[in-house]
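Working notes, structure below.
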Amino acid sequence: MSEASTKRRVERFDPAIEPKWREFWAREGIFTAGRRSGAPRRYILEMFPYPSGDLHIGHLKNYVIGDALTRYYVIRGYDVLHPFGWDAFGLPAENAAIKYGRHPREWTYSNIAESKKSLDVAGIMYDWSREVTTCSPDYYRWNQWLFQLLYRKGLAYRARATVNWDPVDQTVLANEQVDAEGRSWRSGAKVEKRELEQWFFKITAYAERLLNDLDKLEHWPERVRTMQRNWIGKSEGAEVTFLALPPGSDAPEDADPLVVFTTRPDTLWGATFMVLAPEHPLVAKLTAPERQAEAAAYIARARMESEIERTSTTREKSGVFIGSYAINPVNDERIPIWIADYVLMGYGTGAIMAVPAHDERDFEFARAFGLPVRVVVQPPGQELDGDTMAEAWPGDGVMVNSGPINGVPAGKEEGQSVKAAIAWLEAHGRGKGTVNYRLRDWLISRQRYWGTPIPMLHLDDGTIKPVPADQLPVVLPEVQDYLPRGKSPLAAAEHWVNTLDPETGRPARRDTDTMDTFVDSSWYFLRFCDAQNGNEIFSKEAAYNWMPVDQYIGGIEHAILHLLYSRFITKVLYDEGLVPDDEPFKALFTQGMVQRRVRTPLERISPDIVRFPEELRRKLELPAEAQTIEHARTVLKDRGYTLEAENDGSWTAVSGPVTMSKSAGNGIPVGPFVRQYGSDVARIVVLFAAPPENSMEWTDEGVAGAQRFLNRIVTLFGADREAIVAALNAGHDDLSGDAERTLHRKLHETIKKVTLDTEQFRFNTAIAALMELLNEATRYRADTGAVTPVFARMASTFARLLAPFAPHLAEELHLWFGGSGSVYDAGWPEWDETALALEEIEVVLQVNGKLRGRIMVPADADEQQLREWAISNPRVLSFVGDRTVRRIVVVPGKLVNVVV
RNA sequence: GCCGAAGUGGCGGAAUGGCAGACGCGACGGUCUCAAAAACCGUUGGAGGUGACUCCGUGUGGGUUCGACUCCCACCUUCGGCACCA
């Protein structure tokens, strides 16, 4: 160890340097879009949050990733748009208002101020001149404009819909707010179904495009695309028209057409009964008088049940025969009509033909009620019998008992039974091939206060018309009581509700519902392109300038709803010619969660007995209040906890890693952490611990490691700052020494790795590469004992490579090394491939694929030479022994494998 | 049940057909100190050997290949999504 390094003073990374750089960035507008007009553009966006107030580290991860990418592209010379805003409408503000009597607006804006402060002290840099807040009339007026655009295009319509009704809170609930047992999350009451007039957006009109265009989104995670594909749920089949005979009639002229959807029209000849959803509109007419009571009871019961209960696969089949029959159009057979809750009104036509022999659900139903089973697909090598078969046969085979398609191979391909059956149906006018989607239209009405008023007028004669564009926004009125009482709280604002139709002067009532907040977030990324435009939703020019978003970053929990809605609205606006692309987000990255263990101290009541706190006991359902240490250890282990001894002899129960959250109480508040350790430390912890798509565990050890890394940077360069400036000015790098060449090569390897890794979101390995360079540099500095130009060049480059990950320290180093202005104007270093080349390289020698030795050879050694060196190598020879060499595989620059 | 992803040291992870375990954490040993912390240096997949070294090792079993953590087949486990969708 050299004299120089042992005497080196230990300096520490000081978080107190951070505030001045934040002020500097803001003052200089380093991260303001348009600062480098003419440079290549980049739009980087993190999903905007609901403003929940004070942020913890778990919230921060998303923003740290976006900030690192932004800084990387800014230092590379791009013109970057990196804006931020607030998804500020929604229930929490309203609930707080109900609970504390504070106005939702006041509550929301104070939360925004707090959240913004957390982002500021963390040094996450946005172009705040483009900030949007969805609860501001400046924003939601364009929500209303958008609603009216969809209305004009026939994509917004009004219809009756069944909603979840909480009889205790007297309010409508969203599907997500009803638990698996059909109870309200707030009141715990059993939710009822009610029919209400609601507004819908016709997203199903775009189902096919939303599905097909998923193939274009090659920079989206495959699992998100799969989830959207499943959600859209395309299935191809046929609609077949049966004739439903009223009870007691056999005359076809009395019959009503009854359309069913099926993906297996080829099995029509095996239909032995028909099932309608209990809500099906023809049920009332088709129910025989003597069946009336039973059917009504069944329908009432089904109505009480939640969707989840109804669609549970484990429950027994239930249903009621309603006393009438339908005529099967392929063979004119009369089959009984049942109602059963396993048929859903919302999918297909709400009616099915049941083919028990070849459908598992129909089979169960037939066996439960003793209905006949008729085989129409005979599988190869088996003889199915409808009376004895134990389960349905959904597989391949040959069509039998099927009139015109007998003998056709079963299947969906060309020349197989499904296509043949559709051809037959269409030729005879009894049905047609069709496509069905699981996706339903987007119900956007909410009977709640804190949202965008729906900008429509209802006239006394039943006419519904848009509020004229020049009267937008329809501003949310002030109300006394935010508690919904069956209607939106807006309905109580009489002076607001009652207005005049400006065209005719006739009295009109305003729509009292507000829009789903997912409407707000389905186009906010477009508003960022032109956030202050007071005349239009955004200018076409601004949208063409920035859209689509180059990189979108957010949580997997939005994989379906938000992303699907945004894609839909973007397509609508694309069809209007307002945006340049019909997809909003070119690339999507879904980050993992930040987790932290929860530590609960136990009370020690004797040397080997501990007492569990009440809360922990309840949470873990622990049997006893106090336990011996040994027993406590076992009991906790069964619940994923460990028991840890503290230095003072007390004991702590430690949970497994759980996602940081307010409710788990394990969040690390951003402000205090940043003041004590620095935002640069927090960033390194978050980015280095694991690949960003994985969840990561936040630990004290991780914090110490990140701190150590930054301290070692400061220690290595701090004392040498003047010498480094002098060496940088001294001119030529002397690469004649081995140590210098090694350091120079390591530097260029690092530039390459950090560049490529950062572009691929591999921040953990990029930072690992910087650590390796620091290790190499520390070694060099200790061995050389002097600041050489090569070392100085490395130091100044290091500052720039650090800029995406530890921005404050990067600026500080840049300043130390004589840089002027911001490190983000210093340019990103380029690597030199020639610097990566070695004169001598190590080649691996293998015998039968096993490593047996290494030799140093000139980098340009050819295959023949390598072959000779390998077979004359003593270690290789000793492993070859007296066996004959059968083959020699040479990979120049890498290895030689001798096969015997 | 169906679909998808993933299984590598004590831990987070690295290596995507060519030296398994980069980088970090932890642990152990040392230097400094009255002492501790910090910092620094060293060791750290397992087994064997005084040692140079040897054998084993990427969930399990097979396969392809001169060579497999990496590609293919089957299975096991874990996580996520969907789930009576006709």
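We name chains A, B, ... by the order of the sequence lines, and we start the count at 1 in each one.
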So, [X] and [Y], do they make that salt bridge, N to O below 4.0 Å?
| X | Y | value |
| --- | --- | --- |
| A/Glu236 | A/Lys412 | no |
| A/Glu697 | A/Arg597 | yes |
| A/Glu222 | A/Arg229 | yes |
| A/Glu776 | A/Lys746 | no |

Need one value for [X]: base, sugar-phosphate or nothing, where a base atom within 4.0 Å counts as base even if backbone is also close, heavy atoms only.
| X | result |
| --- | --- |
| A/Asn764 | sugar-phosphate |
| A/Gln846 | base |
| A/Arg852 | sugar-phosphate |
| A/Asn775 | sugar-phosphate |
| A/Phe879 | sugar-phosphate |
| A/Val889 | base |
| A/Arg229 | nothing |
| A/Arg708 | sugar-phosphate |
| A/Asn436 | nothing |
| A/Arg712 | sugar-phosphate |
| A/Gly705 | sugar-phosphate |

Determine the minimum heavy-atom distance between A/Ala766 and A/Val754, stating which atoms define it.
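Between these two residues, the closest heavy atoms are O-CG2, 3.7 Å.
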
When the [atom1] atoms of [N] and [M] are considered, how many whole Å apart are they?
| N | M | atom1 | answer |
| --- | --- | --- | --- |
| B/G17 | B/C71 | C1' | 8 Å |
| B/A83 | B/U65 | C1' | 42 Å |
| B/G7 | B/A14 | P | 9 Å |
| B/G45 | B/G10 | C1' | 10 Å |
| B/C73 | B/G4 | P | 12 Å |
| B/C82 | B/C11 | P | 32 Å |
| B/U64 | B/C72 | C1' | 7 Å |
| B/A5 | B/U54 | P | 40 Å |

Partner nucleotide of [N] by Watson-Crick or wobble geometry (both distances under 3.5 Å):
| N | result |
| --- | --- |
| B/C34 | none |
| B/A20 | none |
| B/U64 | none |

Among the candidates B/A86, B/G18, B/G81, find the nucleotide nearest to the side-chain atoms of A/Asn897.
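Selected nucleotide (nearest to the side chain): B/G18.
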
Check if the side chain of A/Lys317 and the base of B/C84 share a donor-acceptor pair of N or O atoms closer than 3.5 Å.
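Present.
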
Is there a donor on the side chain of A/Asn230 or the base of B/C82 sitting less than 3.5 Å from an acceptor on the other?
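Answer is no: no donor-acceptor pair is held.
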
[X] [atom1] to [N] [atom2]: how many Å, rounded?
| X | N | atom1 | atom2 | value |
| --- | --- | --- | --- | --- |
| A/Gln707 | B/C25 | CD | P | 12 Å |
| A/Ile560 | B/C3 | CD1 | P | 18 Å |
| A/Arg886 | B/U65 | CZ | P | 12 Å |
| A/Phe273 | B/A86 | CZ | P | 17 Å |
| A/Ile556 | B/G81 | CD1 | P | 9 Å |
| A/Glu772 | B/A14 | CD | P | 14 Å |
| A/Arg762 | B/G12 | CZ | P | 18 Å |
| A/Trp231 | B/G81 | CH2 | C1' | 11 Å |

Short side-chain N/O contact to B/U54 OP1/OP2 from A/Arg875, under 4.0 Å:
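Yes, because at least one side-chain N or O of A/Arg875 sits under 4.0 Å from OP1 or OP2 of B/U54.
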
OP1 or OP2 of B/A20 under 4.0 Å from side-chain N/O of A/Lys850
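No, no such contact exists.
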
Hey, is the main chain of A/Met345 close enough, under 3.5 Å, to the side chain of A/His280 for a donor-acceptor pair?
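No; zero donor-acceptor contacts below 3.5 Å.
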
Anti versus syn assignment for B/G24, with syn defined as within 90° of 0
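Base orientation: anti.
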
Rounded distance (nearest 0.5 Å) linking atom CD of A/Gln846 with atom CZ of A/Arg854:
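One finds 11.0 Å between CD of A/Gln846 and CZ of A/Arg854.
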
